[in-house]
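Keep in mind that this is a model prediction, so the values were computed, not measured.
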Amino acid sequence: MVSSSPYNRAGAVAPLSAIVLLALAVHVPLLLMQLPLSSYDANTHIFFASHYAHHWFSPWNPKWYAGFSQTTYPPLTHQWIGLLSHLVGLNLAYMLVQLIGILLLVIGMYRYASIWVSERAASVAAIGAIFLGSLAMLVYQSGQLPTTFSAALVINAVPYFYRWLVRPSLGDLLKGLAITAAAAAAHHVTLLFGAVLFFLPVLWLGIVDRERQDAEASTFGAFSRAVIFGALSLALVGVVLLPFWVQLYHYPITQMPIPHGSRDNYILNPASGMNFWIVPMGALILALPWIFFRGGSERRLRPLFIGWFVTALLGLGGTTPVASIALGRAFNVLTFERFTFWATLMALPIVGLVAAEFIARNGRKAVATLWILAVATSSFAVAWTVFRPIESSPFKVDEVISFLSRDGHDKFRYITLGFGNQFSKVSTYADASSVDGDYNSARLLPELTAYGSGQLYNSKYFGANGMESLRAVLKHSNQYGLKYVFVRDRFYEPLLAFAGWRKTETYDGGNVTLWTKDDVPPAKPAESPMMPNALAGLEWGTLPIASSVLALLLAIVIPERRRLAQTVEFPAAASDEVTLREVSG
């Protein structure tokens, strides 16, 4: 594929196949070590996937919140994990889907960057995507698989959108629509916010390039095609995720805002700034002056620069008033590490251009410097959990799972206190259900939504609000059939004793204690108006997964076009004539 960029003066620094092999070499060992299992959200996504593996056409899940609908979260990544789990198990299936997402991100970055810069610079950008600190943080610390997977699909859809604007063909339209629908089926926040931030600069670029190639009615032609693409995308996404939109319409998120570090002022809270900006940005911080200079000064890069600048400002969370003003109430619902991730992706084409020119001028020294910066960025992000551990003292939950799955104990509900991300693992493998849960947007119980706190197992970290929510749940234990409380943090024991609970057993060498209450009746099955009907279950089990299969088939069946548009050549600087052989020696 030849870019229409005026910077297209030299060949690619490495073939895409070699870049994909490099991505495999970097990430496969880390994923085989199953590092994401210790992240914040990986066990949550495995929990969702486990339900699909056993109940594909029934999105009602009784194991959290006394029953909730999984149509509140787009299912694509969870369904693929569920399918693959029948072959390799849940944990390895998660790693495999995450690896596919990383590879799609690298391929998508090469194609996305080729819109803006030369193929050589696009190759450098694709290599940079492998080592992004923001990617490493989302994969190995946060465990946000749907975010990374959906972003990978979005940047693969954008080139088809661009080609549809500049030199339209039905094949480009169909591919772009199918991949966009699959991206929405993977993650709704990426659809609602990220896709807009990626597509609008490309619309601007499409208008600029059509004006350069076809002066007659070029702006109107590009804009009209963008409207067609947008309308068809909205219709397709509306059908694919219909149960999601129905749930959101009938049960909008009205709970009290829950604090999150990504909404902090990073200057006043340096720990949040380190975790949500400095570590994800890594060596890209050093490139900021060049991003401003090259992106702001060159007409063809300006749409990308403005898109990056807006996204980067939003990624600063509460450090500036921009996010709060622009997003309104959504500011208190969203988390902003994903905006920083998107900003780093949007910066890579410009950084790839600057890096390619740096290599052309300085040869091996430049290559060595860039490799050191890239590896240091990724390595420090992966190692960040050592400096800020999620679990300070690892513990085993096998005995807890065994207790909840035998002797009729699953007739009652349970909660955990101090379990952290291991709560989701207990939920995945135990037969009993819980009043607690790890996906706040699915909550309807008033004891959980009214206090502005998150999960019960982390109650103390939400201060008075968290403890009040826990007291309310304990007070209504008979109503919910809540008989068992597993405690790993002794902080909670006085509250339980005062509320009439008693310690009965210990597990994992005394790390975990079981507290019970004798007069609790068995839990009653939930009767919620939120429960999807059979038609919604059928649609949920077919269309989202079908969107990804359709996108794959179209990519295989419809061949790629070799040229986007006529390249505009500029006189090449002498330094640009340095070949790969000369650079690598």
Side-chain angles (χ1 to χ4, degrees), residues 1-26 105-136 155 281-298 300-301 304-305 308 343-381 567-585:
M1 180 179 68
V2 178
S3 170
S4 63
S5 168
Y7 306 106
N8 195 37
R9 308 176 197 146
V13 73
L16 183 57
S17 58
I19 298 173
V20 170
L21 288 175
L22 177 61
L24 289 170
V26 171
L105 186 76
V106 173
I107 295 169
M109 177 51 63
Y110 178 83
R111 301 177 68 249
Y112 174 71
S114 295
I115 297 173
W116 305 96
V117 294
S118 71
E119 290 190 64
R120 183 177 65 156
S123 297
V124 177
I127 293 172
I130 300 172
F131 298 96
L132 275 179
S134 58
L135 175 65
I155 63 172
M281 288 288 293
L284 286 180
I285 295 174
L286 302 177
L288 288 177
W290 284 272
I291 295 174
F292 274 89
F293 175 72
R294 294 301 295 270
S297 63
E298 300 190 19
R300 199 172 183 282
L301 294 177
L304 177 62
F305 169 74
W308 166 82
T344 58
L345 294 178
M346 297 173 76
L348 280 180
I350 302 175
V351 173
L353 175 65
V354 174
E357 294 174 351
F358 181 46
I359 293 171
R361 286 194 302 269
N362 298 284
R364 295 178 181 178
K365 292 181 180 179
V367 172
T369 300
L370 292 172
W371 274 116
I372 291 171
L373 291 173
V375 172
T377 295
S378 182
S379 300
F380 188 67
T567 300
V568 176
E569 297 290 354
F570 285 80
S575 59
D576 285 342
E577 301 301 327
V578 179
T579 65
L580 174 60
R581 181 175 299 176
E582 291 170 336
V583 171
S584 58

- [ ] With sequence neighbours left out, write down each residue that passes side-chain hydrogen bond (donor to acceptor under 3.5 Å, both in side chains) with Thr377, or none if nothing qualifies.
- [x] none
Which pair of heavy atoms, one from [X] and one from [Y], lies closest together, and at what distance?
| X | Y | result |
| --- | --- | --- |
| Ile19 | Ala14 | CD1-O, 3.9 Å |
| Trp308 | Ala343 | CD1-O, 3.0 Å |
| Ala374 | Phe131 | O-CB, 3.5 Å |
| Ala360 | Arg120 | CB-NH1, 4.0 Å |
| Gly133 | Ala381 | O-CB, 3.6 Å |
| Pro349 | Val117 | O-CG1, 3.7 Å |

How long is the gap from [atom1] on [X] to [atom2] on [Y], to the nearest 0.5 Å?
| X | Y | atom1 | atom2 | value |
| --- | --- | --- | --- | --- |
| Met109 | Leu16 | CE | CG | 12.5 Å |
| Leu304 | Arg294 | CG | CZ | 12.5 Å |
| Ile155 | Met346 | CD1 | CE | 11.0 Å |
| Thr369 | Asn362 | OG1 | CG | 8.0 Å |
| Leu22 | Ile130 | CG | CD1 | 4.0 Å |
| Ile291 | Ile285 | CD1 | CD1 | 10.5 Å |

Task: Under the side chain to side chain contact (heavy atoms under 4.5 Å, CB included) test, residues paired with Leu370 that sit two or more places apart - done: Ala355, Phe358, Ile359
Open item on the list: Using side-chain heavy atoms (C-beta onward) and a distance below 4.5 Å, is Thr344 in contact with Leu135?
Closed with: no
- [ ] Might you work through the side-chain contact (heavy atoms from CB on, under 4.5 Å) test for Ile127 and Trp371, ending with a clear yes or no?
- [x] CA-CA 10 Å; Ile127 293 172; Trp371 274 116; 4.2 Å; yes
Open item on the list: Are Trp116 and Phe305, when compared by the centres of their aromatic rings, separated by less than 6.0 Å?
Closed with: no
